[in-house]
Structure formats: C-alpha cells, structure tokens
Amino acid sequence: MTRERSPLGVLFLTLFIDLVGFSIIFPLFPAMLDHYLSVESADGALARLKELLESLAGGDDETREHYTAVLFGGFLGALYSALQFVCAPLWGRLSDRIGRKPVLLLSISGLALSYAIWVFSGSFALLILSRLLGGCMSGNISTASAAVADCTTRETRARGMGIIGAAFGLGFIFGPAIGGLSYWVAGGPESKIDILAEYPDLASIGINPFSAPALVALVLAVLNVLWVARSFPETTTEDQRRKARELPRPLHPMMMLGRVDIPGVGRASLAYLIFLVAFSGLEFTLTFFAWQFFQYGTGQITALFIFAGLIIALVQGGIVRRVAPKYGERKVAAVGLALLMPGFLLIRFSPPSQVLLYFGLGLMAVGSALAIPCLTSLVSLYTPEERQGAVLGVFRSLGALSRAVGPLIFCSLYWRLGETWPYVTGAILMLAPLLMTTTLPPPEKSPPDAA
C-alpha cells in the first residue's frame with residue numbers, strides 16, 4: 001500500500017507530547033501528598049491511605065516520611081497502569097475495526113479532558129478522577145504501535161518500534177523537568193509566582209498549587225489532538241478493517257489474552273511481562289537505594305533518571321535501527337536481556353562507588369532499550385495485519401500490568417528482606433525471558449495468513 005507520507009514523524013511527536021504530559025506529575029508527588037493532606041479532613045480517604053502507606057514503609061521517622069511520599073506516587077502510578085492494562089487491548093482492537101486515526105483522536109482528547117480535571121482538582125477525589133480517566137485513555141500506545149507496524153516493512157519493523165521507544169525516553173526526560181519547572185515558577189508557596197496568594201478566589205473553582213503543570217499538560221494534549229487531526233494519515237485499509245470486524249469481539253482483556261493463539265506471540269509476551277516486572281521494580285526501588293546508600297536528594301535522583309532516559313533514547317533511536325536488521329530481533333533482544341543481569345548486581349554492590357552505580361544503571365538502560373523494541377517488533381512480525389491493534393494492545397497491556405505489580409513486589413522485598421533481595425532476584429529472573437527469547441521461532445519472511 002503506497003503512502004503519500006510516512007506517519008512515523010507524527011507518531012514520534014504524538015507519543016513524545018503524550019509522555020511529557022503523563023510524566024509531568026512525577027516530581028510533584030511529595031508536594032501533592034502534603035497539600036491534599038492539608039485540605040482534606042483528618043479522617044478522610046487520603047488520611048487513611050497515608051496511614052496504610054506509613055505502616056508499609058516502617059523504619060524511623062525520617063525513613064517513614066521519605067518512603068511514604070514515594071509510595072504515594074507509586075499508588076497513583078499503579079492506579080494509572082492498572083487501567084492501562086484493562087484498556088490498551090480494547091483501544092487496539094477498536095483501532096483494527098475503525099482505524100488508527102479516530103482512536104488516537106478520541107484517546108488523546110480523553111487525556112486532554114483528564115488534564116483539564118486536574119487543573120481544577122481542588123480535592124483529592126478530583127485528582128483521583130483525573131488519574132482514572134487518564135489511565136483509561138493512555139492505552140493509545142497500543143494503537144500507535146499498530147500504526148508503526150502498518151507503515152513499516154518487516155525488515156524495518158524494529159527500527160519503527162525503536163522510534164517509539166526513543167519518544168518514550170525523551171518524554172520521560174522532559175516531562176518531569178517541565179513539571180518541576182512549572183511548579184517552581186507558578187505553584188506553591190515557595191514558587192516564584194504563588195497564584196493562590198495573589199488570587200485567592202480561584203481556590204473556589206478548584207485552582208490549586210499544581211494547576212500550572214496541569215495546564216501545561218492540557219495545552220500539550222490539545223496541540224497533540226490538532227497535530228494528529230491535521231497531519232496523521234490513516235494507516236489501515238478498508239479491507240483490513242473489514243477483516244477485523246469479522247473476528248470475534250471479546251470485551252474483557254483477559255479474554256483477549258486467551259485468544260492470542262499465534263505461534264511465538266505468547267512466549268514473547270510472557271518474556272516481556274517477566275522482564276518488565278523486574279525492570280519496573282528496579283526503577284521504583286532505585287529511589288530508595290540512592291537515598292539510603294548515597295544520600296541522594298531529589299535533584300541527584302532526577303539526574304539518575306535523566307542519565308538512563310538519554311541512553312534509552314539514543315539506543316532505541318539510533319542503535320536498534322542499525323543492529324536489528326543485521327543480526328535479527330531475537331538476538332538483539334537476547335543481548336539486551338543478558339545485559340540486565342550484571343546491571344542489577346552492579347547497582348546492588350555499587351556503594352560507595354557512584355561510578356559503579358552509574359555503570360550498572362547504564363547497562364540496565366542499554367539492555368532495556370535493546371529488548372523492548374525488538375520484542376515488540378517480534379510480536380508484530382508474528383501477527384496478521386488485521387490483528388495488529390488487538391495483539392499489540394494485549395502486549396502493551398502486559399507492560400502496564402508489569403508496571404502496576406512490579407513496584408509492589410520489589411518494594412516488598414526491599415523493605416521486608418533487605419536491599420540485596422530485589423536486585424539479586426531481578427538478576428535471576430532475567431534468565432527466564434532470556435531463555436524464552438532465544439527459543440522463539442524466526443519470523444516469517446512474508447506476512448502470515450490471518451489466524
């Protein structure tokens with residue numbers, strides 16, 4: 001099918017803007033907890049949640065306060081990821097039936113609405129509502145992945161998925177930076193401009209210290225909608241959509257998982273699930289580890305994640321596109337998974353060396369940057385055209401499930417059994433996806449028949 005222009009550039013900018021809007025909230029979690037505790041009742045839902053988080057954190061007062069703030073962010077993040085898990089297959093399946101463009105427009109518009117609610121979230125309940133809506137709409141990554149599959153050849157599939165990964169990496173770098181900067185300029189009492197101090201009547205309509213970063217996210221989402229409406233060409237054909245409409249329509253994502261009977265897809269998806277459970281657990285416990293053993297503050301911890309994000313963006317945007325066609329997705333994914341094992345161990349045994357800490361984190365970043373686009377590409381290559389959205393939706397939903405449960409599992413290991421357990425466990429767990437990846441069937445040279 002001939003295209004007048006490639007939509008890869010539009011998809012890159014779409015996902016970049018989407019991820020910037022999503023990750024803007026990350027550096028605000030501790031301040032959010034303090035703010036909403038100050039405006040909610042002492043026996044309200046947030047106060048009870050704080051008591052639960054404190055009981056999980058344990059330790060002395062300083063440790064408990066630090067861990068509780070991070071756990072609060074983890075709670076909001078897990079809520080978002082759990083809804084992604086439910087909705088990503090549904091968005092992907094819908095995009096097979098009606099096209100990628102209308103689904104992207106609908107889901108990004110929903111994200112814009114969630115940010116608009118956040119702007120006026122004077123209460124914790126409205127904040128939760130905005131996260132619920134945002135989580136439901138953020139499953140559009142499955143639709144974007146399917147669109148990449150639509151407009152790339154089998155030889156360039158990993159390159160296209162790498163571009164998506166680069167957008168993710170850069171989005172996660174710039175998002176927290178923009179969020180922290182906008183809050184510092186026009187947020188709470190210590191900001192350059194305290195909006196509520198100058199215009200206290202705005203509090204009556206829900207304007208709060210976090211309305212400035214929320215407004216930035218809203219503007220970005222609106223621009224995203226306009227950009228897709230103007231510049232994104234539909235990447236499916238009417239014949240593909242007709243075939244997709246003839247397939248059964250399971251409504252529940254777990255039912256969709258059971259219907260993915262394509263050779264290679266189940267094993268690649270399970271490898272992705274196990275890998276991301278361990279990797280997301282590392283991402284979350286790294287904050288505690290750096291604070292406990294290196295006395296890192298917020299700025300130094302942010303620098304760690306910027307370092308990792310830059311490596312991920314460079315590897316996925318530059319290296320994957322060159323090595324995957326030459327050596328094959330299976331080998332490149334296996335190399336990435338193998339690099340994660342020494343990465344886990346180097347981080348654990350890095351104190352007091354900051355060089356070893358960064359080296360271990362660098363291995364983790366390179367490993368994940370090689371594994372994610374290549375596993376995604378393999379799943380896409382195994383899948384018929386008319387099922388790309390549904391299958392990649394299930395695949396991406398497993399990633400969301402991993403990010404919901406991984407931090408809970410690994411933080412429990414960290415707090416209850418000590419800092420060695422999560423990192424050694426992560427290194428050992430990598431053996432399973434590594435073995436699964438090396439035994440995957442080779443992708444067919446021509447598109448598979450419809451299943």
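Since the structure is predicted, the reported quantities are computational estimates derived from the model, not experimental observations.
Taking 4.5 Å as the limit, some side-chain heavy atom of Ile25 sits within range of a side-chain heavy atom of Trp118. By the 4.5 Å heavy-atom criterion applied to side chains, Ser402 and Phe279 are not counted as neighbours. Looking only at side-chain heavy atoms (C-beta outward), Leu363 and Leu340 stay at 4.5 Å or farther from each other. When side chains are defined from C-beta on, Phe232 does not count as touching Thr14, because their heavy atoms never get closer than 4.5 Å. Using a 4.5 Å cut-off on side-chain heavy atoms (C-beta onward), Arg241 and Glu234 make contact. Residues Val394 and Val379 are not in side-chain contact: their nearest non-hydrogen atoms beyond the backbone lie 4.5 Å or more apart. For the pair Leu104 and Leu11, the minimum side-chain heavy-atom distance is below 4.5 Å.
By the side-chain contact (heavy atoms from CB on, under 4.5 Å) test, Pro407 is found to be paired with Ser280, Phe284, residues two or more places apart in sequence or in another chain being considered. Shown here are the side chain to side chain donor-acceptor pair (under 3.5 Å) partners of Thr152, two or more places apart in sequence or in another chain: Arg157. Residues forming a salt bridge (Lys or Arg N to Asp or Glu O under 4.0 Å) with Arg267 (at least two apart in sequence, or on another chain): none. Listed by chain and residue number, Phe22 satisfy the ring-ring contact (aromatic ring centres under 6.0 Å, His included) test with Tyr80 (two or more places apart in sequence, or in another chain). In terms of the ring-ring contact (aromatic ring centres under 6.0 Å, His included) criterion, residue partners of Tyr272 (sequence neighbours excluded) are, by chain and number, Phe395. Residues passing the ring-ring contact (aromatic ring centres under 6.0 Å, His included) test with Phe307, sequence neighbours excluded: Tyr358. Considering only residues two or more places apart in sequence or on other chains, Asp18 meets the salt bridge (Lys or Arg N to Asp or Glu O under 4.0 Å) condition with none of them. Applying the ring-ring contact (aromatic ring centres under 6.0 Å, His included) criterion to Phe174, with sequence neighbours excluded, gives Phe16. Under the salt bridge (Lys or Arg N to Asp or Glu O under 4.0 Å) criterion, Asp239 pairs with Arg242, Lys243, not counting sequence neighbours.
Among pairs with a residue in residues 331-346, none fulfils side-chain hydrogen bond (donor to acceptor under 3.5 Å, both in side chains), at least two apart in sequence or across chains. Applying the salt bridge (Lys or Arg N to Asp or Glu O under 4.0 Å) definition to pairs two or more places apart or across chains, none involves residues 19-34. For residues 158-179, no residue pair satisfies the salt bridge (Lys or Arg N to Asp or Glu O under 4.0 Å) rule, not counting sequence neighbours.
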